[in-house]
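Ligands are counted one by one from 1 in listed order, and the atoms in each one are counted from 1 as well. Hydrogens, waters and symmetry mates are skipped; everything else that's a heavy atom, side chains included, is used.
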Amino acid sequence: MNDIQIVYTSKATANVDDAQLDNILKSAVRNNAARNITGMLLYAKGSFLQVLEGEVSVIEALLKQLEADTRHRDVEIIVRTSIKGHEFKNWSMGYRRLHDSDAKALLNYAPFFEDGFDASKFCEQPGLSLDILKALAAQLDQT
Ligand SMILES: Cc1cc2nc3c(=O)[nH]c(=O)nc-3n(C[C@H](O)[C@H](O)[C@H](O)COP(=O)(O)O)c2cc1C
């Protein structure tokens with residue numbers, strides 16, 4: 001197995017409403033389950049943060065598809081690492097939409113999504129993006 005983990009940020013092209021997010025998520029869950037991809041998607045204030053795990057060629061193909069998706073732009077890869085096992089194995093695509101109140105609850109991380117996700121902040125501390133996604137996945141696992 002030659003698996004990788006990718007984390008990227010992007011900006012939504014328009015204000016994304018719940019119905020649009022629901023569409024994205026439905027195809028993500030369906031396709032990812034069939035392709036043995038796992039991960040977590042976060043949306044806050046016009047920005048996406050997503051982690052994707054899977055076989056390298058499968059992930060590369062998905063990234064090409066994602067980069068061509070006009071619902072978002074400025075796709076910036078923050079993390080790209082080889083992995084032995086999936087860290088988000090419970091989720092074909094876990095999902096959280098963060099509102100201001102949630103941001104306050106995630107005190108340590110609040111500065112990172114005050115105006116959506118700022119890729120440059122994450123690039124300075126790449127581990128941080130994964131920490132946030134893992135913290136949110138842990139919350140989902142408990143519900
Ligand atoms: C922020 C964002 C995240 C996405 N994540 C995934 C994903 O994890 N897996 C996936 O198959 N498609 C994902 N998509 C959708 C793809 O870009 C593409 O629309 C979809 O894979 C097309 O497949 P379908 O024709 O089966 O719907 C995402 C789109 C956006 C905007």
Using a strict cut-off of 4.0 Å, indicate which atoms of ligand 1 neighbour a heavy atom of [X].
X   : answer
S27 : 11 (O), 27 (O)
I24 : 2 (C), 3 (C), 4 (C), 28 (C), 29 (C), 30 (C), 31 (C)
R71 : 15 (C), 19 (O)
N32 : 7 (C), 8 (O), 9 (N), 10 (C), 11 (O)
L52 : 8 (O)
M93 : 8 (O)
R30 : 24 (P), 26 (O), 27 (O)
Y8  : 1 (C), 2 (C), 3 (C)

Looking at every non-hydrogen atom in both residues, tell me the closest pair between [X] and [Y] and how far apart they are.
X    : Y    : result
R35  : V58  : CB-CG1, 3.8 Å
S129 : V7   : OG-CG1, 3.6 Å
M40  : L133 : CG-CD2, 3.7 Å

Could you identify the single nearest non-hydrogen protein atom to [atom] and state the distance to 0.1 Å?
atom                    : result
atom 7 (C) of ligand 1  : A28 CB, 3.4 Å
atom 22 (C) of ligand 1 : Q65 NE2, 3.6 Å
atom 3 (C) of ligand 1  : Q50 OE1, 3.4 Å

- Message: Nearest non-hydrogen contact with atom 4 (C) of ligand 1 belongs to which option: L41, V29, L66?
- Response: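 Answer by nearest heavy atom: L66.
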
- Query: If hydrogens are left out, which of D69, N31, T9, L42 has an atom nearest to atom 23 (O) of ligand 1, that is, the closest non-hydrogen atom?
  - Reply: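 Among D69, N31, T9, L42, the closest heavy atom to atom 23 (O) of ligand 1 comes from N31.
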
- Message: Between ligand 1 and K26, can you find any atom pair, the residue atom being a heavy atom, that is separated by under 4.0 Å?
- Response: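 Contact check K26 vs ligand 1: negative.
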
- Just heavy atoms, cut-off under 4.0 Å: does L62 contact ligand 1 by side chain, backbone, both, or neither?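 Within the 4.0 Å criterion, L62 contacts ligand 1 through side-chain atoms alone.
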
- Task: Would you kindly specify which portion of E67 sits under 4.0 Å from ligand 1, judged on non-hydrogen atoms: side chain, backbone, both or neither?
- Result: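 No part of E67 is near ligand 1 at this cut-off.
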
- N/O donor-acceptor pair under 3.5 Å between H86 side chain and W91 backbone: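 Checked: no pair found.
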
- Output yes when a side-chain donor or acceptor of Q125 lies under 3.5 Å from a complementary backbone atom of G127, and no otherwise.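 No: the side chain of Q125 does not pair with the backbone of G127.
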
- Given F88 and K134, is the side-chain contact (heavy atoms from CB on, under 4.5 Å) satisfied, shown in steps? CA-CA 8 Å; F88 295 83; K134 277 186 212 160; 3.7 Å; yes

- Message: I'd like to know if E60 and R80 make a salt bridge, using a cut-off of under 4.0 Å between side-chain N and carboxylate O.
- Response: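 Judged by the 4.0 Å cut-off on N to carboxylate O distance, E60 and R80 do form a salt bridge.
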
- Message: Is atom 25 (O) of ligand 1 touching the protein, meaning some protein heavy atom lies under 4.0 Å away?
- Response: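 So atom 25 (O) of ligand 1 lacks protein heavy-atom neighbours under 4.0 Å.
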
- Item | Test item: D17 and L21 side chains (from C-beta on) under 4.5 Å apart, heavy atoms |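 Counting from C-beta outward, D17 and L21 never come under 4.5 Å.
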
- Minimum side-chain heavy-atom gap I6-I77 below 4.5 Å: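 Result yes, sub-4.5 Å side-chain heavy-atom pair found.
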
- Message: Checking the N or O distance criterion of under 3.5 Å, is ligand 1 in contact with S10?
- Response: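 For ligand 1, there is no N or O atom that lies under 3.5 Å from one belonging to S10.
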
- Would you check the N or O atoms of H72, main chain and side chain alike, for any that come under 3.5 Å of an N or O of ligand 1?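 In this structure, H72 places no N or O atom under 3.5 Å from an N or O of ligand 1.
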
- Query: What residue among L52, D3, N31, V29 forms side-chain contact (heavy atoms from CB on, under 4.5 Å) with I37?
  - Reply: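 Of L52, D3, N31, V29, side-chain contact (heavy atoms from CB on, under 4.5 Å) with I37 is met by L52 alone.
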
- Item | Identified ring-ring contact (aromatic ring centres under 6.0 Å, His included) counterpart of F48 within the set Y8, Y43, Y95 |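 Testing F48 for a ring-ring contact (aromatic ring centres under 6.0 Å, His included) against Y8, Y43, Y95 leaves exactly one candidate, Y43.
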
- Task: Look up atom CD1 in I78 and atom CG in L49, then write down how far apart they are to the nearest 0.5 Å.
- Result: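 The distance works out to 5.5 Å.
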
